[in-house]
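Computation of the quantities below employed the complete heavy-atom set of this structure, encompassing side-chain atoms and omitting hydrogens, waters and symmetry-equivalent molecules.
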Amino acid sequence: MAGDGLPRIAVVGGGIFARTQYIPRLREIAHHVLLKAIWSRTKESAEAAAELARDFAPEIQPRWGDAGLEEIMGDASISAVAVVLAGQVQVDLSLKMLKAGKHVIQATMEAETALSVYNSFPNQFPYKPIWALAENYRFEPAFVESRKLISDIGDMMNIQVIVEGSMNSSNPYFNSSWRRNFVGGFILDMGVHFIAGLRMILWRVDGTKGTVQIERGIASGKHGYQVLFTNENGQCQMTFYPFCGVNEELKAFVHDIVQAKKDGDHKAESRSSYVEGARDVAVLEAMLESSAKQGATVQVKKF
């Protein structure tokens with residue numbers, strides 16, 4: 001696709017994750033999408049974040065404050081927005097962007113109220129804006145490939161999920177308002193991603209003909225996942241997959257934007273559907289509710 005025909009995107013948020021994850025990932029897919037603007041609360045933060053992207057987005061415009069948000073919403077050339085903000089504000093801001101006709105990709109969400117508001121939007125645009133959920137494990141190759149292996153383990157006998165999240169005061173995310181000033185912040189932030197993986201492949205799974213296991217690890221200096229498949233004869237096949245889920249979900253989001261413009265199909269790729277995100281949160285909420293009730297059976301909300 002010619003450069004002038006590429007969809008233009010804005011990043012709303014100039015914090016750690018936007019600077020260390022979104023900008024590098026957008027640099028890698030710069031031949032698919034143009035980064036036109038980046039917003040932060042202050043001028044200094046917006047300008048600093050914009051400079052990090054100047055090498056691949058030379059015309060990027062820093063925006064800040066309420067006026068900057070209005071400029072992004074009113075810019076007809078910007079078709080999509082990545083909302084990379086703390087959980088306390090991201091849903092409201094995402095809904096504002098959707099109402100302005102922008103496609104949106106964001107992180108974990110509050111489910112019921114937000115979904116009802118989104119579904120009530122009138123058809124005021126040629127197509128309903130896409131609302132996609134990001135930062136989930138459904139796009140990690142390790143989980144995609146493991147899901148295929150599940151069919152080879154025979155009848156399922158046992159499922160095991162062990163989640164260890166190491167985070168101390170030296171971690172740059174440790175003191176973020178997302179986790180400190182948001183009910184369930186630490187659990188929701190990390191837990192919902194593992195729920196996405198659980199729902200995708202059920203993690204370690206033992207069957208009558210073999211076992212599939214995923215372990216986080218490092219190979220050749222790269223962080224990622226080792227996928228181990230052990231067959232009924234005890235032979236183990238191990239494959240390492242580096243992290244690249246953010247890349248893959250951004251590419252899928254851009255593809256969905258292009259398709260929406262072509263044929264009016266406004267649905268996000270199923271793995272990043274806001275409904276799937278709501279289901280992840282519902283499972284996590286049910287687990288916490290069950291724990292509070294000494295392990296009683298709890299019905300998971302359906303979406």
side-chain contact (heavy atoms from CB on, under 4.5 Å) partner of Val212, chosen from Asp152, Ile153, Asp206 | Ile153
Hey, are the side chains of Glu145 and Tyr241 touching, using non-hydrogen atoms and a 4.5 Å cut-off?
-> yes
Value for CD1 (Ile214) from CG (Leu228), rounded to nearest 0.5 Å, stands at 9.5 Å
Look at the side chain of Asn231 and the backbone N and O of Asn233, then say whether any donor-acceptor pair between them is shorter than 3.5 Å.
-> yes
Taking it one step at a time, do Gln213 and Glu215 satisfy side chain to side chain donor-acceptor pair (under 3.5 Å)?
-> CA-CA 7 Å; Gln213 183 168 339; Glu215 296 179 350; 2.7 Å; yes
Flag the pair Trp131 / Leu95 as yes when at least one side-chain heavy-atom distance between them is below 4.5 Å, and no otherwise.
-> yes
Thr230 side-chain N/O to Gln235 backbone N/O, donor-acceptor pair under 3.5 Å = no
Under the 3.5 angstrom rule, does the side chain of Ser291 hit a backbone N or O of Met287 as a donor-acceptor pair?
-> no
Only one of Ile23, Leu34, Ile29 passes side-chain contact (heavy atoms from CB on, under 4.5 Å) with Phe56, and that residue is Ile23
Of all the heavy-atom pairs spanning Pro7 and Ile257, show the shortest one and how long it is.
-> CB-CG2, 4.1 Å
Within 6.0 angstrom of Asp155 CG, more than 12 heavy atoms from elsewhere | no
Would you kindly confirm whether Leu284 and Val298 end up in one hydrophobic cluster when ILVMFWY residues are joined by side chain heavy atoms under 4.5 Å apart?
-> no
Output field: ring centroids Tyr274/Phe303 closer than 6.0 Å = no
Which pairs, with at least one residue in residues 11-38 and sequence neighbours excluded, count as a salt bridge (charged side-chain N to carboxylate O under 4.0 Å, His left out)?
-> Arg25-Glu28, Arg27-Asp55, Lys36-Asp75
Between Val254 and Val33, the two heavy atoms sitting closest are CG2-CB, 3.9 Å
From CZ (Arg271) to CD (Glu276), nearest 0.5 Å | 11.0 Å
Shortest non-hydrogen contact from Leu85 to Gly13?
-> CD2-CA, 3.6 Å
Nearest heavy-atom contact between Ala46 and Ile38 is O-CG2, 3.8 Å
Which residue pairs satisfy the salt bridge (charged side-chain N to carboxylate O under 4.0 Å, His left out) criterion with at least one member in residues 221-235, sequence neighbours excluded?
-> none
Val12 vs Val84, side chain to side chain contact (heavy atoms under 4.5 Å, CB included): CA-CA, chis, key distance, verdict = CA-CA 6 Å; Val12 174; Val84 195; over 6 Å; no
Given the rule in the side chain to side chain contact (heavy atoms under 4.5 Å, CB included) test, do Lys99 and Lys102 qualify, once you have shown the distances and angles that lead to the verdict?
-> CA-CA 7 Å; Lys99 286 179 181 177; Lys102 311 297 183 188; over 6 Å; no
Would a hydrophobic clustering, with Ile, Leu, Val, Met, Phe, Trp and Tyr connected at side-chain separations under 4.5 Å, put Trp64 with Phe17?
-> no
Short side-chain to backbone donor-acceptor contact, Glu140 and Gly245, under 3.5 Å | yes
Which atom pair, heavy atoms only, marks the closest approach of Ser45 to Gly14?
-> OG-O, 3.9 Å
Does any N or O in the side chain of Ser146 come within less than 3.5 Å of the main-chain N or O of Ala142, such that one atom is a donor and the other an acceptor?
-> yes
Does atom CG of Asp66 have more than 12 heavy-atom neighbours, drawn from other residues, nucleotides or ligands, at distances under 6.0 Å?
-> no
Trace of the side chain to side chain contact (heavy atoms under 4.5 Å, CB included) decision for Val144 with Arg147 = CA-CA 5 Å; Val144 174; Arg147 186 176 189 179; over 6 Å; no
Any side-chain heavy atom of Phe139 within less than 4.5 Å of one from Glu269?
-> yes
Cation over ring face, Arg138 and Phe143, 6.0 Å, 45° | no
Ignoring hydrogens and angles, state whether a donor on the side chain of Gln106 or Ser94 is under 3.5 Å from an acceptor on the partner side chain.
-> yes
Val227, Ile159: one ILVMFWY side-chain cluster at the under-4.5 Å cut-off?
-> yes
For Lys293, side-chain hydrogen bond (donor to acceptor under 3.5 Å, both in side chains) partners two or more places apart = Glu289
Are Asn158 and Val205 close enough, and set up right, to give a side chain to side chain contact (heavy atoms under 4.5 Å, CB included), and what steps lead you there?
-> CA-CA 6 Å; Asn158 179 61; Val205 183; over 6 Å; no
Rounded distance (nearest 0.5 Å) linking atom CG of Leu149 with atom OG1 of Thr211 | 11.5 Å
If the plane angle is over 60° it's perpendicular, under 30° parallel, otherwise tilted; pick one for Phe243 and Tyr225.
-> perpendicular
Check: Leu133 and Ser273 side chains under 4.5 Å, non-hydrogen atoms = no
Please tell me if the side chains of Leu69 and Met97 come closer than 4.5 Å, counting only heavy atoms from C-beta onward.
-> yes
So how far is it from Thr239 OG1 to Phe229 CZ, rounded to the nearest 0.5 Å?
-> 11.0 Å
Do you reckon Met157 sits in the same ILVMFWY cluster as Ile150, going by side-chain contacts under 4.5 Å, direct or chained?
-> no
Can you name the closest pair of heavy atoms from Ala268 and Ala132 and give their distance?
-> CB-CB, 4.1 Å
Could you check if a side-chain atom of Val104 sits within less than 4.5 angstrom of a side-chain atom of Ile130, using non-hydrogen atoms only?
-> no
Between Leu35 and Ile9, is any pair of side-chain heavy atoms under 4.5 Å apart?
-> yes
What distance separates Leu250 CG from Ser272 OG, expressed to the nearest 0.5 Å?
-> 10.0 Å
Flag the pair Val81 / His103 as yes when at least one side-chain heavy-atom distance between them is below 4.5 Å, and no otherwise.
-> no
What's the spacing between Ile78 CD1 and Gln61 CD if we round to 0.5 Å?
-> 7.0 Å
Same cluster for Ile218 and Phe240 if Ile/Leu/Val/Met/Phe/Trp/Tyr side chains link at under 4.5 Å?
-> no
Within 6.0 angstrom of Met73 CE, more than 12 heavy atoms from elsewhere = yes
